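All residue numbers refer to positions in the sequence shown, counting from 1. First listed ligand is number 1; within each ligand, the first listed atom is number 1. None of the values given here were measured: they were computed from a predicted structure.
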Amino acid sequence: MSAQPATGSHDLLIRKARLLDRDDICDIAIAGGRIVDIAAHIGGAAARTVDAQGGLVTASFIDPHFHLDKVLSRNYVGAISYQEAFARAREAKRNFTVADVEARVCRALDLAVAQGIGRIRTQVDVDFATRLVSLEGVLRAQERFHNLIDLEIVAFPQEGIVTDPEAPALLRAALGMGATLVGGLPEFEHSLEDQRTHVRTIFDIATERGVPIDFHCDYTDLAPYKTLEMVADMTVERGYQGKVTAGHCCALAVYPDEEAKRVIDKVRAADMSVTILPIANLQMLGGDGATPVNRGSSRAKELLAAGVNVCAGADNMFDIWFRFNRMDPVDTAYMTCLSTGMRSDAEVREAFDMTTSRPARLMGLADHRAGIGGRADLVVHSAANLVDMFRNLPGRRVHIKNGRLVGGVEGSVWTAR
Ligand SMILES: [Zn+2]
């Protein structure tokens, strides 16, 4: 694909594009940050033209669950086991400075924008160890990437609520500084009663400020963990249906089938969304030294079948929790297929939607779609279909944000043949 400046009535013309819901090759016209026309051939010139060369054009990627504040921080503590993670993460966090968080987040966002991520819902630790330092660093990076990528910030009490009495006041302060959601981690508490207090306190803060909630639930393969059910119950009790997301929900996969169905029905009745984190959880869940059976991706298929909006995010990159990742949502979609057993064409499409249209629905972005009237937040791929995209062939991408080219990837290989 290539882009040339010219002059004309549209801001941007994408020529020879393929869309997921159309069989033919078409042109896409963009003006005022919107898609204004899609047709077999659109005449005239534009201020700028991108030749898609028959590649797919899709809505840009949205990551519904990522920890930007901790990104690229693994070097602070070296290689460790899961068991050591909490204590060592706390130690690392104490060393964070605003400038250091800002610099690491900027490096991650450069990758994200290049790969075609238009929006990230990022969890940011707000607790006694980092206080508001991590948040300030993320806010500075957000300012630097204004117009390139949108961030939704979740104030996340990683050190608990009962176990960290400073957390409630810090969460309220974070919501006044730029966080627009509150998070939670009830399983971190030491007793069921403390878990309930944790969930109740988060709902108190959310209802007081009128913000949605994005909980971490049951990041474990131990069946006794039931914080997803606890959150679903309280969502209905508080009348907060449609405003609550639960991430991970790994324990759901190890409940007996009948038990899992009962919890899924509650999640559906609470109109909750669920975010799976297949890349991180494939590595971190289960096995205890042996090959894991639980793949860490909750019960994505059963949740979808029940009508739950299930999204897929990347969670971490080179931090205490996960040592790999390169901010490519195609990896997330691909790993979703592998970890959840999505094999048919329709399921491959579903896995892709879990990184684009489903998180858009989670965030209330009705116009995030590659159709007339949709926002011009798009990715032009060199792959002509999703399977080739997931194969991640020496792929090229152009990322368009609000009708403007903001980043891209140029892939190439060479041999001596
Ligand atoms: Zn997380």
Once you measure the plane-to-plane angle for [X] and [Y], does it fall in the parallel (<30°), tilted (30-60°) or perpendicular (>60°) bin?
X      : Y      : result
Tyr219 : Trp321 : tilted
Phe156 : His216 : parallel
Phe61  : His381 : perpendicular

Check your understanding: Can you count the protein N, O or S atoms that lie less than 2.8 Å from the Zn ion (ligand 1)?
Key -> 4
Exercise for review: Would you tell me whether His65 and Asp315 have side-chain atoms, one donor and one acceptor, within less than 3.5 Å of each other?
Suggested key: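 His65 vs Asp315: donor-acceptor pair found between side chains.
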Check your understanding: So, His248 versus Asn281: side-chain donor-acceptor pair below 3.5 Å or not?
Key ->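 Short answer, yes.
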**Study point:** Partner residues of Glu152 under the salt bridge (charged side-chain N to carboxylate O under 4.0 Å, His left out) criterion, sequence neighbours left out
**Key:** Arg119, Arg121
